[in-house]
Asks: 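One structure is given below, represented as structure tokens, and several questions about it will come after.
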2 protein chains.
Amino acid sequence: MAQNSSLMSGVPELLVLRLLSAREMYGYQLAVAIRETTREAISLGEGVLYPALHAMENRGFLKTRRRTVSGRTRVYYASTPKGRRRLNELSQEWRRIAGGVEWVLAGI
Amino acid sequence: MAQNSSLMSGVPELLVLRLLSAREMYGYQLAVAIRETTREAISLGEGVLYPALHAMENRGFLKTRRRTVSGRTRVYYASTPKGRRRLNELSQEWRRIAGGVEWVLAGI
DNA sequence: GTATCATACCTCGTATAGCGAGGTATAGAG
DNA sequence: CTCTATACCTCGCTATACGAGGTATGATAC
């Protein structure tokens, strides 16, 4: 069963791009940051997060840098200019969809 | 390409259930109502709407009634008690996800 | 010493479902 | 007689969220 039900499409990408627009982070750190920043409202499993990161890297939205810290390898992700443009697109997209849903939920 | 990009998962179901909680409607009417109520923000193609309606009927959220009006057959959909429970679930789900996204977009 | 937990990465298979394109048919306007 | 709006439908493609499972290290607890 889906932990976050079925209202998530595109959301992981948006969250990752937004968090990485502030500072570079590694995968595990992103998972924790998403949980904390959303006040536990959203929690991305690793089966969502890592494939999403790889896909975004392949599409040129992110670039990576490997660092070994106290015996553990971390893959740091940073946003590219293309990633920042993508963030703008997705944010507008989100505002549009969320606004539309609110009209329906509120009014009728 | 996706007209509504990829931030739509579950949204069509939520919108349909919400609109049908007020009054019964037929498919084409729902398509128009969604466009208008969302101020053109969301427009569901028929390839989304009709399969979604069938799936919701199969899951017991909607019941149907056929009427022929001036030579055209209309399939009217109405929400069931199960559909109203589903609407409550999806609404809460939506509030949770949307709230979480807002935290990330606003703060960091 | 060893069990357990947190850290840190990964892949695979499945299920869902959004989407465009395409199909059928009637009514009414021009 | 053509074009538009109405009204329904299916098919195949693609994207992607998800759980489960796998590997490995370091630190803490027993």
Side-chain angles (χ1 to χ4, degrees), chain A residues 1-17 24-36 42-59 61-62 64-77 86 90 93 97 100-101, chain B residues 1-17 24-36 42-59 61-62 64-77 90 93 96-97 100-101:
Chain A
M1 294 305 155
Q3 190 185 44
N4 290 306
S5 118
S6 52
L7 293 158
M8 290 289 293
S9 239
V11 169
E13 190 182 356
L14 174 58
L15 298 182
V16 165
L17 283 172
E24 74 167 3
M25 298 174 84
Y26 56 97
Y28 194 86
Q29 188 183 12
L30 272 166
V32 175
I34 287 169
R35 233 182 299 127
E36 290 179 349
I42 300 174
S43 179
L44 297 189
E46 303 193 341
V48 175
L49 185 58
Y50 288 115
L53 288 171
H54 300 157
M56 292 165 76
E57 189 190 359
N58 288 335
R59 295 178 67 184
F61 300 145
L62 304 179
T64 59
R65 183 166 80 86
R66 268 148 217 284
R67 287 180 62 196
T68 299
V69 179
S70 63
R72 269 190 277 264
T73 299
R74 293 175 178 172
V75 183
Y76 282 83
Y77 291 89
R86 175 68 169 166
L90 283 178
E93 209 68 57
I97 304 291
V101 171
Chain B
M1 292 303 153
Q3 191 185 45
N4 290 305
S5 114
S6 53
L7 292 158
M8 290 287 294
S9 241
V11 168
E13 190 182 356
L14 174 58
L15 299 182
V16 165
L17 283 172
E24 73 168 2
M25 297 173 84
Y26 56 97
Y28 194 86
Q29 188 184 11
L30 272 166
V32 175
I34 287 170
R35 234 183 298 127
E36 290 180 350
I42 300 174
S43 180
L44 297 189
E46 302 193 341
V48 174
L49 185 58
Y50 288 115
L53 288 171
H54 300 158
M56 292 164 77
E57 188 189 1
N58 288 335
R59 296 178 66 184
F61 301 145
L62 304 179
T64 60
R65 183 167 80 87
R66 267 149 219 284
R67 287 180 62 196
T68 299
V69 179
S70 62
R72 271 190 276 264
T73 299
R74 294 175 178 172
V75 184
Y76 281 84
Y77 291 88
L90 283 179
E93 209 67 59
R96 184 170 64 81
I97 304 291
V101 172

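Just so you know, these numbers use all the heavy atoms, side chains as well, and skip hydrogens, waters and symmetry mates. Bear in mind the structure is a predicted one, so any value in this text is a computation, not a measurement.
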Asks: Is the shortest side-chain N/O distance from B:H54 to OP1 or OP2 of D:dC8 below 4.0 Å?
Replies: no
Asks: Quickly work out the B:L49 CG to C:dG18 P distance and round it to whole Å.
Replies: 11 Å
Asks: Verify side-chain contact (heavy atoms from CB on, under 4.5 Å) between B:T64 and B:L53, making sure each step is shown before the conclusion.
Replies: CA-CA 10 Å; B:T64 60; B:L53 288 171; over 6 Å; no
Asks: What is the distance, rounded to the nearest whole Å, between atom CG of B:L14 and atom P of C:dT16?
Replies: 19 Å
Asks: Counting side-chain heavy atoms from CB outward, which of C:dG18, C:dA8, D:dA5 is closest to B:S9?
Replies: C:dG18
Asks: Between B:Y26 and B:V75, does a side-chain contact (heavy atoms from CB on, under 4.5 Å) hold up when you go through it step by step?
Replies: CA-CA 5 Å; B:Y26 56 97; B:V75 184; 5.6 Å; no
Asks: In terms of side-chain heavy atoms of A:Y28, which of C:dT7, C:dT11, D:dA17 is nearest?
Replies: C:dT7
Asks: Are any of B:Y26's side-chain N or O atoms less than 4.0 Å away from OP1 or OP2 of D:dC8?
Replies: no
Asks: Under 4.0 Å, counting only non-hydrogen atoms across every strand here, what does A:E46 touch: a base, just sugar-phosphate, or nothing?
Replies: base
Asks: If you measure from CD1 on A:I42 to CD on A:E36, what distance do you get to the nearest 0.5 Å?
Replies: 14.0 Å
Asks: Considering heavy-atom distances to DNA chain D, does A:G71 or A:P12 have its closest nucleotide positioned more toward the 5' end?
Replies: A:P12
Asks: Closest approach to the side chain of B:R72, judged atom by atom: which nucleotide of C:dC19, C:dT26, D:dG26 is it?
Replies: C:dT26
Asks: What is the distance from CG of B:L7 to P of D:dA15, rounded to the nearest Å?
Replies: 16 Å
Asks: Taking OP1 and OP2 of C:dA8, is either one under 4.0 Å from a side-chain nitrogen or oxygen of A:R74?
Replies: yes
Asks: Can you tell me how far P of C:dG18 sits from CD1 of B:I34, to the nearest Å?
Replies: 11 Å
Asks: Quickly work out the B:M25 CE to D:dT6 P distance and round it to whole Å.
Replies: 13 Å
Asks: Considering just the side-chain nitrogens and oxygens of B:Y50, establish if one lies under 4.0 Å of OP1 or OP2 belonging to D:dC8.
Replies: yes
Asks: Between A:S70 and A:G47, which has a closest nucleotide on DNA chain D that is more 5'?
Replies: A:G47
Asks: Pick out which of A:R74, A:R65, A:R67 makes a salt bridge (Lys or Arg N to Asp or Glu O under 4.0 Å) with A:E24.
Replies: A:R65
Asks: Mind checking whether B:L17 and B:M56 have side chains closer than 4.5 Å, heavy atoms only?
Replies: yes
Asks: Rounding to a whole Å, what distance do you find between A:Y76:OH and C:dT7:C1'?
Replies: 12 Å
Asks: Taking atom P of C:dC10 as reference, at what distance in whole Å does atom CG of A:N58 sit?
Replies: 12 Å
Asks: Could you state the CG-C1' distance from A:L15 to D:dT16, rounded to the nearest angstrom?
Replies: 15 Å
